[in-house]
Amino acid sequence: IAFSEIDQVGFITPFQPKGVGLILAEERKRELIGAADKVYLKFRKSTQPAVGDRFFIFRTSLLIKHPLTNKDVGYLNTILGILEITDVAPDHSIAIVRSSHESIAPKDKLLPYKKRSEEIALHDGTEPKKGSIILSRGHTRLIADRQIVFIDLGENDEIKAGNRFEVFRQTQAEDLLAGDESKIMLKVQPIGELLVLAVEQETAAALVTKSLNEFMPGEKIRLITEN
């Protein structure tokens, strides 16, 4: 499956990445920066940029809590765009923003650009695994087709790009004939499917490929297996 927006897929980290540098200012001192704008950059001493080098522009969220357990998940790093170095001075660099997916601003951080493959090979899971959706890109409450979401399973759970998940709901009902307060687990209702695009240690980014109903963070997911 081809996914042309793979360079826009962010990632969750357990810490706040500092990046290798940041944007100091836009050429005309504008606060909102977009494609084709010229920007001034400052890099950390460990990074020596050269003309032609490309970097991801990213921004880190506040600490994310799991929607079901309220435990700390980490920090969402959103990819805002890509820039290319055009000039290097002793104490700063100059770059052109080659693409922007969201508004860019001074103080946004930089990571070395690494081209990702747009081709996602499908891989069925070998063992059943269940998890849940943590949040969507943009922190929207309602999630539908073609949105990017982040799930609470990752490399540590043997999840890899190309895995598919079913989004499902399963509710309980009171057994009115039992004469007590016992519950009946009702049949699982599939409400969507996800395709894993990129994987971190404990989380993964996925594309909503099917949405029978709008769903929300906290929805349950299960790995689609070979059988």
Side-chain angles (χ1 to χ4, degrees), residues 2-65 67 73-116 118 133-150 197-198 200 203-208 214 216-217:
F3 182 67
S4 61
E5 299 171 0
I6 190 67
D7 279 343
Q8 301 178 28
V9 176
F11 54 97
I12 292 175
T13 49
F15 55 89
Q16 291 182 299
K18 293 182 178 179
V20 298
L22 51 75
I23 295 175
L24 294 175
E26 192 267 344
E27 182 182 30
R28 288 161 288 180
K29 304 294 184 183
R30 295 189 302 180
E31 289 299 312
L32 294 179
I33 301 167
D37 285 343
K38 181 184 288 187
V39 292
Y40 297 95
L41 316 173
K42 182 70 175 181
F43 284 90
R44 299 186 185 279
K45 292 181 180 179
S46 58
T47 300
Q48 302 295 325
V51 173
D53 287 352
R54 291 193 170 203
F55 293 85
F56 284 117
I57 308 162
F58 76 103
R59 186 179 300 151
T60 305
S61 72
L62 298 175
L63 182 64
I64 297 165
K65 299 281 189 178
V73 172
Y75 301 86
L76 176 61
N77 300 280
T78 300
I79 304 296
L80 308 174
I82 298 168
L83 57 74
E84 182 177 334
I85 304 295
T86 58
D87 196 7
V88 177
D91 59 351
H92 68 279
S93 299
I94 301 172
I96 294 291
V97 177
R98 292 302 184 193
S99 63
S100 64
H101 323 307
E102 298 189 30
S103 294
I104 300 164
K107 298 183 181 180
D108 283 334
K109 298 177 288 186
L110 306 174
L111 281 177
Y113 175 74
K114 184 178 180 181
K115 178 62 180 174
R116 301 166 170 178
E118 296 180 1
I133 295 173
I134 302 169
L135 80 165
S136 68
R137 185 173 72 180
H139 301 266
T140 56
R141 287 295 300 168
L142 294 179
I143 300 168
D145 272 352
R146 308 302 294 177
Q147 283 187 258
I148 303 295
V149 298
F150 297 87
L197 301 172
E200 303 298 326
T203 60
L207 175 70
V208 179
E214 288 183 326
M216 299 182 294

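Here the structure is a predicted model, which means the values were calculated and not measured.
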Distance check, rounded to the nearest 0.5 Å: Leu110 atom CG versus Ile23 atom CD1?
6.0 Å
With distance as the sole test, does Arg98 use its side chain to make a donor-acceptor pair with the main-chain N or O of Arg54 at under 3.5 Å?
no
Show your reasoning for whether side chain to side chain contact (heavy atoms under 4.5 Å, CB included) applies to Ile143 and Met216.
CA-CA 6 Å; Ile143 300 168; Met216 299 182 294; 5.5 Å; no
Check the pair Leu63, Tyr75 against side chain to side chain contact (heavy atoms under 4.5 Å, CB included), reporting the backbone distance first and the verdict last.
CA-CA 5 Å; Leu63 182 64; Tyr75 301 86; 3.8 Å; yes
Rounded to the nearest 0.5 Å, the CD1 atom of Ile94 sits from the NE2 atom of His92 at a distance of 4.5 Å
Using a 4.5 Å cut-off on heavy atoms from C-beta on, say whether the side chain of Arg28 contacts that of Asp37.
yes
First locate atom CG of Leu62, then atom NE2 of His139, and finally report the distance between them rounded to the nearest 0.5 Å.
8.5 Å
Nearest 0.5 Å please: distance from the CG atom of Leu83 over to the CD1 atom of Ile104.
7.5 Å
Under 3.5 Å: donor-acceptor pair, side chain of Lys42, backbone of Gly21
no
Gap between atom CD1 of Ile33 and atom NZ of Lys38 - 0.5 Å precision
13.5 Å
Checking side-chain contact (heavy atoms from CB on, under 4.5 Å) between Leu135 and each of Ile148, Thr140, Leu76, which is the one that passes?
Leu76
Heavy-atom donor-acceptor pair, Ser93 side chain to Val88 backbone, under 3.5 Å
no
Whether Arg116 engages the ring of Phe56 as a cation-pi pair (distance to the six-membered ring centre under 6.0 angstrom, angle to the ring normal within 45°) should be assessed.
yes
Tell me the closest heavy-atom pair linking Phe11 and Glu200, and the distance in Å.
CB-OE2, 3.5 Å
Looking at every non-hydrogen atom in both residues, tell me the closest pair between Gln48 and Lys45 and how far apart they are.
NE2-O, 3.1 Å
Compare all side-chain heavy atoms of Leu207 with those of Val9 and state whether any distance is below 4.5 angstrom.
no
Is any side-chain heavy atom of Pro67 less than 4.5 Å from a side-chain heavy atom of Ile134?
yes
Glu31 and Pro106: which non-hydrogen atoms are nearest, and at how many Å?
O-CD, 3.5 Å
Flag side-chain contact, heavy atom, 4.5 Å: Glu5 against His101:
no
Would you check if the side chain of Arg44 reaches a backbone N or O of Gly19 as a donor-acceptor pair within less than 3.5 Å?
yes
Please say which of Asn77, Thr60, Thr203 ends up in a side-chain hydrogen bond (donor to acceptor under 3.5 Å, both in side chains) with Thr13.
Asn77
Which pair of heavy atoms, one from Ala35 and one from Ser100, lies closest together, and at what distance?
N-OG, 3.3 Å
With a 4.5 Å cut-off on side-chain heavy atoms, are Ile12 and Ser61 touching?
no
Check this for me: Lys115, atom NZ, are more than 12 non-hydrogen atoms of other residues, nucleotides or ligands nearer than 6.0 Å?
yes
To the closest 0.5 Å, what do you measure between NZ (Lys109) and CD1 (Ile57)?
13.5 Å
Side chain to side chain contact (heavy atoms under 4.5 Å, CB included) between Leu111 and Ile79: does it pass, once the steps are laid out?
CA-CA 10 Å; Leu111 281 177; Ile79 304 296; 5.5 Å; no
Side chain to side chain contact (heavy atoms under 4.5 Å, CB included) between Glu102 and Arg59: does it pass, once the steps are laid out?
CA-CA 10 Å; Glu102 298 189 30; Arg59 186 179 300 151; 5.5 Å; no
Test of understanding: with ring pair (Phe, Tyr, Trp, His ring centres under 6.0 Å), list the residues that count as partners of Phe150, not counting sequence neighbours.
none
When every non-hydrogen atom of Val97 is compared with those of Gly34, the smallest separation belongs to CB-O, 3.4 Å
